[in-house]
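The structure under discussion appears below in the form of structure tokens.
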Amino acid sequence: MIQSSLSIIKPETKLHVGIIMDGNGRWAVSRGLPRIAGHRAGADAVRRTVEACPSLGIGTLTLYAFSSDNWRRPQTEVNALMRLLRIFMRKELERSLRNGVRISVIGRRDRLSSPVLNAIETAEKTTINGQTLHLRIAIDYSSRYAILRAAERLRSQEYINRSITEEDFSRLIADSDRTNAPEVDLVIRTSGEQRLSDFLLWENAYAEFFFTKRMWPDFDANELALAVNDFLSRDRRFGALAQAVAG
Ligand code: FPP
């Protein structure tokens, strides 16, 4: 159940929200704690956020957990993050099944360790029928890489000698993600940073943005409700005039 004090207007169709979870390190350092303590607190914020999604009308949640650039961090931090992700997949299985949460992972798999891969595959298989929320976790993810892989596939027989539509390309990206998801409606980034960092570049074509100064470990249902309410108050015209979109 959502612990929000805000009144929520539910959207008419289920939303796809993407979150760039930033500020774990700063949150920890400002408390005199090691950075990994921030990531651990970040995992608790993930649980709170996932739980709040259905009552806010969110049907798909994509979380940026580990970018392909994050391999450049110290090995101890990379190991700790991978361990946290593995534990999260294992521990959340029962709760996800109970709450109808389907877990998918997007991103490269060829550089992940076998224990992490096993945890991902088990989580995906076990929760495949979840209907309430599609939780997509981006691990070793780079949107440019996903776009390049999709573009490469255009050289195959199926696509040669015909023009390529946006739908074709979206399908190719979905294939490389191994999951289908609607376009992103809202991107949230925490910690005051305001950039996209190679996150869902194709899928965010018409996304709205919500930036908050709050560090990710402090993110909660209230802040998510604030972001969704702010999103619902915006006039999304998709390049047309307001009247044309309204029909
Ligand atoms: C960015 O903060 C955060 C990450 C690189 C990792 C995100 C991981 C988690 C929230 C924990 C586990 C996730 C799941 C899905 C269970 P930062 O370290 O770059 O913070 P900083 O900018 O303050 O240094």
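Just the heavy atoms: all of them, side chains too, but no hydrogens, waters or symmetry mates, feed the values below. Numbering of ligands and ligand atoms starts at 1, following listing order.
If you check which protein heavy atom lies closest to atom 9 (C) of ligand 1, you get Asn24 ND2, 3.6 Å. For atom 22 (O) of ligand 1, the closest non-hydrogen atom on the protein side is Arg26 NH2, 3.0 Å. The closest protein non-hydrogen atom to atom 3 (C) of ligand 1 is Met21 O, 3.1 Å. For atom 11 (C) of ligand 1, the closest heavy atom belonging to the protein is His39 O, 3.5 Å. Annotation: atom 20 (O) of ligand 1 to nearest protein heavy atom, Gly25 N, 3.1 Å. Of all protein heavy atoms, the one closest to atom 5 (C) of ligand 1 is Asn70 OD1, 3.7 Å. If you check which protein heavy atom lies closest to atom 13 (C) of ligand 1, you get Leu85 CD2, 3.8 Å. Atom 24 (O) of ligand 1 has as its closest protein heavy atom Arg35 NH1, 3.0 Å.
Identified under the side-chain hydrogen bond (donor to acceptor under 3.5 Å, both in side chains) test for residues 111-120, with sequence neighbours left out: Arg111-Asp140.
Residue contact annotation: Arg73 has a non-hydrogen atom under 4.0 Å from ligand 1. At least one heavy atom of Ala65 sits closer than 4.0 Å to an atom of ligand 1.
No donor-acceptor pair under 3.5 Å is formed between the side chain of Arg90 and the backbone N or O of Arg86.
The closest side-chain heavy-atom distance from Val29 to Arg35 is below 4.5 Å. Between Met21 and Thr49, the closest side-chain pair of non-hydrogen atoms is not below 4.5 Å. In this structure, Ile20 and Arg195 have side chains that are not in contact, with every pair of non-hydrogen atoms separated by 4.5 Å or more.
Ligand-side atoms of ligand 1 in range of Asp22: 1 (C), 2 (O), 17 (P), 19 (O), 20 (O), 22 (O), range being under 4.0 angstrom from any heavy atom.
Salt bridge Arg189/Asp22: present, at least one basic N to carboxylate O contact under 4.0 Å.
Under 4.0 Å from ligand 1, the heavy atoms of Trp216 that appear belong solely to its side chain.
Here the straight-line distance linking atom OG of Ser104 with atom CG of Leu135 works out to 8.0 Å at 0.5 Å rounding.
Arg95 meets the side chain to side chain donor-acceptor pair (under 3.5 Å) test with Glu92; sequence neighbours excluded.
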